[in-house]
Amino acid sequence: MSRIRHARGSRLALAGTAATTATLLVAALAPGATAADRPVPSRAAALDHAAAALLEHADALDLTGAQDTEARDVVVDADGTQHVRYDRTYRGLPVLGGDFVVHLAPDGDFRDADRATTAPLALPTVAPKLASPEAADLAANALRAANPGELLKKLTAESELVVDALHGAPKLAWRTDAAALDSLGNPVARTVLTDAGTGARIDAWDTDESVSGDGASLYGGTVPLETTRSGSSYRLQDATRGGTYTGDAENQTDLCILTICLVRAPATLFTDADNHWGTGGTDDRASAAVDAQYGTDATWDYYEDVHGRSGIAGDGKGSYNRVHYGNKYNNAFWDDSCFCMTYGDGDGTTFGPLVSLDVAAHEMSHGVTSKTAALAYSGESGGLNEATSDVFGTLVEWHAANAADPGDYLIGEKVVRDGFGREALRYMDRPSRDGASADCWDTSLGDLDVHYSSGVANHFAYLLAEGSGARTVGGVAYSSPTCDGSTVTGIGRDKLGDVWYRALTVYMTSSTDYAGARTATLRAAGDLYGTDSDEYAAVGAAWSAVNVA
């Protein structure tokens, strides 16, 4: 993007640059060639021509030293005619209605311009009399008034100081974007323009960037999606959840040496014409993208709804997904360095596309761990790191309450295929069912692969939520013995999540081992329910039941 400061003293130098550019274009023509044979100017050449035109015709365009311009779009016709669209700022403030389009001949000569406003920009001051919080309150009230009878939730309003040249004489104004969720959980938004001198409303309009669509997923049936309108099409990007989006890795892979990636696979943003995404089958590359985006949405919602955490890092910023990574790649992973999730398609025999809800939530929960306790990924700490993702992956699945993929204590049951040899990647009620994970703690636990040493914490989590013995939960039969022969009474999934989340975010550190996890979760339970509570006693009993004393 070209950014130019308009100073009349630089006209001659820039005019010389424009002449040189035009001469070079003419010189490139073969002897005897006509204008029709002239090479079509590049985008960069068009920007150079327009920059020269702005300085040469500054007076006619009412451009002054108090204004800056920034090119927003460039169109070059087949015959070489150029059209460069600009936005303007005045003393650093965006100008609503300050946009204009410069039209140039094929040789770069200025033809004319279309301007949103011809009013001269000159304000006595850019200091507002109305404060930003007052403007935000006015916009919030306007959003409430535009949605009568609705109890709006999570209402936010952010104001930006602008110059309004769209409504008569240019004036200082606050442009405030107010957004909330209605009673059905759908986003509503309104932009309000307020006179920064008087507080009078200038204009207001509904903000319609974020729209509700749906997608046919591989594993979750037809799911709702929040997308972004872009002209006449839609992008698989969710403005209501920090701008999270999903792109196609195009079956490419990253080129990384240790933690430094020299080349990254792409994440080409998925787009769609009608806002109905995928077919529910692997014949459509968008189907896996639907699962990935839905998994991101469900994970965001769980952490925000249950723990008050906005986004993976807790800063309200979204991550992104790459699907169709590699060739028959049997894995999915979270990467802190790109703050992104990556999913392989599986080999079709052992695994299908690894985009199921609990896998997505598992991997993104690694991001939560990295931003909180940062549990080291080795030894007992590594087992706790993996278990944290299994616990929250499971809780996200329950929280989503999707009838096509109901909650359970099985990990990755949707992605395994017959060639894998069992019905799930891992089992929380009795982790040793996978043939490798540990049910009970002993001194050799830290020597196991972290995916297997995690079994002890997964076992603890199941016992704390559901209790010991045989039972059927959500139509799935479980049988969870204890290592010491004791009987454990569960306190429910919600309390398990509350205890583990507080322990992770408040008490655990990078070196926490199993004994430290017992201490951290007891402290968390004491904070939440009191040290004389049934919940506190249940935490201690569940750890004892897996031999962590």
Side-chain angles (χ1 to χ4, degrees), residues 217-221 223 291-292 294-295 298-299 302 330-333 343-344 346 349-366 383-440 449-482 488 490 492-494 496-497 500 542 546:
S217 70
L218 296 175
Y219 303 122
V223 296
D291 284 272
Y294 170 65
T299 302
Y302 168 78
N330 278 334
N331 211 341
F333 59 90
Y343 301 90
T349 301
T350 308
F351 298 109
L354 285 96
V355 291
S356 67
L357 177 55
D358 57 354
V359 170
H362 170 106
E363 298 300 344
M364 283 182 281
S365 292
H366 279 306
L384 289 166
N385 190 318
E386 270 298 308
T388 295
S389 284
D390 280 348
V391 168
F392 287 123
T394 295
L395 294 176
V396 167
E397 191 177 65
W398 282 100
H399 182 262
N402 184 331
D405 185 11
D408 53 49
Y409 292 97
L410 309 175
I411 307 298
E413 75 283 357
K414 287 286 188 179
V415 304
V416 298
R417 298 292 182 263
D418 291 343
F420 187 63
R422 60 177 189 269
E423 63 179 331
L425 293 173
R426 288 186 290 280
Y427 305 84
M428 297 187 73
D429 63 324
R430 186 160 53 89
S432 60
R433 290 168 63 190
D434 67 10
S437 293
D439 292 333
C440 311
D449 180 277
V450 296
H451 294 88
Y452 303 140
S453 61
S454 63
V456 175
N458 282 344
H459 193 190
F460 157 81
Y462 176 87
L463 289 170
L464 184 60
E466 301 294 345
S468 58
R471 67 190 66 240
T472 298
V473 183
V476 179
Y478 303 98
S479 181
S480 190
T482 59
V488 175
R493 291 182 295 274
D494 292 346
L496 160 66
W500 198 275
V546 296

Undergrad: Just to verify, what does S389 make a side-chain contact (heavy atoms from CB on, under 4.5 Å) with, not counting sequence neighbours?
TA: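 side-chain contact (heavy atoms from CB on, under 4.5 Å) check on S389 returns H362, S365, H366.
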Undergrad: For the residue pair S437 and G455, what are the closest heavy atoms and their distance?
TA: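 So the minimum-distance heavy-atom pair works out to CB-CA, 4.4 Å.
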Undergrad: State which residues pass ring-ring contact (aromatic ring centres under 6.0 Å, His included) with Y462; sequence neighbours excluded, sorted by chain then number.
TA: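 With sequence neighbours excluded, Y462 shows a ring-ring contact (aromatic ring centres under 6.0 Å, His included) to Y409, Y478, given in chain and number order.
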Undergrad: Using the test side-chain contact (heavy atoms from CB on, under 4.5 Å), find all partners of S453 that sit at least two apart in sequence or belong to another chain.
TA: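 side-chain contact (heavy atoms from CB on, under 4.5 Å) list for S453, sorted by chain: L445, L448, V450.
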Undergrad: Going by side-chain hydrogen bond (donor to acceptor under 3.5 Å, both in side chains), name the residues that satisfy it together with S356, two or more places apart in sequence or in a different chain.
TA: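 Testing S356 for side-chain hydrogen bond (donor to acceptor under 3.5 Å, both in side chains), a comparison that skips the adjacent residues, returns D358.
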Undergrad: Tell me, with the steps shown, if Y427 and L410 meet side chain to side chain contact (heavy atoms under 4.5 Å, CB included).
TA: CA-CA 5 Å; Y427 305 84; L410 309 175; 3.5 Å; yes
Undergrad: Do you know which two heavy atoms are closest between V355 and L218, and how far apart they sit?
TA: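 So the minimum-distance heavy-atom pair works out to CG2-CD1, 4.1 Å.
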Undergrad: I need the full list of salt bridge (Lys or Arg N to Asp or Glu O under 4.0 Å) pairs touching residues 460-474, with sequence neighbours left out, sorted by first then second residue.
TA: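 Sorted result for residues 460-474: E466-R493.
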Undergrad: Nearest 0.5 angstrom please: F333 CZ to L354 CG, how far?
TA: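 F333 CZ to L354 CG: 11.5 Å, rounded to 0.5 Å.
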Undergrad: Would you say the side chain of L425 lies within less than 4.5 Å of the side chain of F351, judging by non-hydrogen atoms?
TA: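 Result yes, sub-4.5 Å side-chain heavy-atom pair found.
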Undergrad: Which residues pass the ring-ring contact (aromatic ring centres under 6.0 Å, His included) test with Y302, sequence neighbours left out?
TA: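 Checked Y302 against ring-ring contact (aromatic ring centres under 6.0 Å, His included); matches are H307, H399.
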Undergrad: Mind checking the CD-CZ spacing from E363 to F392? Nearest 0.5 Å is all I need.
TA: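 Answer for the CD-CZ pair, E363 versus F392, is 15.0 Å.
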Undergrad: Determine the minimum heavy-atom distance between T349 and R417, stating which atoms define it.
TA: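 Here T349 and R417 meet closest at O-CB, 2.9 Å.
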Undergrad: Restricting to pairs with a member in residues 387-401, which pass salt bridge (Lys or Arg N to Asp or Glu O under 4.0 Å), not counting sequence neighbours?
TA: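 Found D390-R426.
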Undergrad: Could you state the interatomic distance from OG (S217) to CG (L357), rounded to the nearest 0.5 Å?
TA: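 The CG atom of L357 is 9.5 Å from OG of S217, to the nearest 0.5 Å.
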Undergrad: Is there a side chain to side chain contact (heavy atoms under 4.5 Å, CB included) between D434 and R422 once you walk through the steps?
TA: CA-CA 8 Å; D434 67 10; R422 60 177 189 269; 3.6 Å; yes
Undergrad: Mind checking side-chain hydrogen bond (donor to acceptor under 3.5 Å, both in side chains) for E413 and listing every partner two or more places apart, or none if nothing turns up?
TA: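 Applying side-chain hydrogen bond (donor to acceptor under 3.5 Å, both in side chains) to E413 gives none.
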Undergrad: Mind checking side-chain hydrogen bond (donor to acceptor under 3.5 Å, both in side chains) for S480 and listing every partner two or more places apart, or none if nothing turns up?
TA: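 Once residues adjacent in sequence are excluded, the partners of S480 under the side-chain hydrogen bond (donor to acceptor under 3.5 Å, both in side chains) criterion are H459.
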Undergrad: Considering residues at least two apart in sequence or located in another chain, which fulfil the ring-ring contact (aromatic ring centres under 6.0 Å, His included) criterion with Y452?
TA: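 Scan of Y452 (ring-ring contact (aromatic ring centres under 6.0 Å, His included), adjacent residues dropped) gives none.
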Undergrad: Checking S432 now: which residues fulfil side-chain contact (heavy atoms from CB on, under 4.5 Å) with it, not counting sequence neighbours?
TA: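 Expected list: R430, D439.
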Undergrad: Do Y294 and N402 pair up side chain to side chain, a donor and an acceptor below 3.5 Å, judged on atom types alone?
TA: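 Side-chain D/A pair, Y294 to N402: present.
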Undergrad: Only counting residues at least two apart or in another chain, list the ones meeting side-chain hydrogen bond (donor to acceptor under 3.5 Å, both in side chains) with D449.
TA: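 Expected list: H451.
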Undergrad: State whether the side chain of D408 and the backbone N or O of G474 hold a donor-acceptor pair below 3.5 Å, judged by distance alone.
TA: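 Between the backbone of G474 and the side chain of D408 there is no qualifying donor-acceptor contact (under 3.5 Å).
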Undergrad: Please name the pair of heavy atoms, one in A404 and one in G221, separated by the smallest distance, quoted to 0.1 Å.
TA: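 Reported closest heavy-atom pair: CB-N, 3.9 Å.
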Undergrad: Show, in sequence, the C-alpha distance, side-chain angles and deciding distance for F420 and V415, and conclude whether the side chain to side chain contact (heavy atoms under 4.5 Å, CB included) test is met.
TA: CA-CA 10 Å; F420 187 63; V415 304; over 6 Å; no
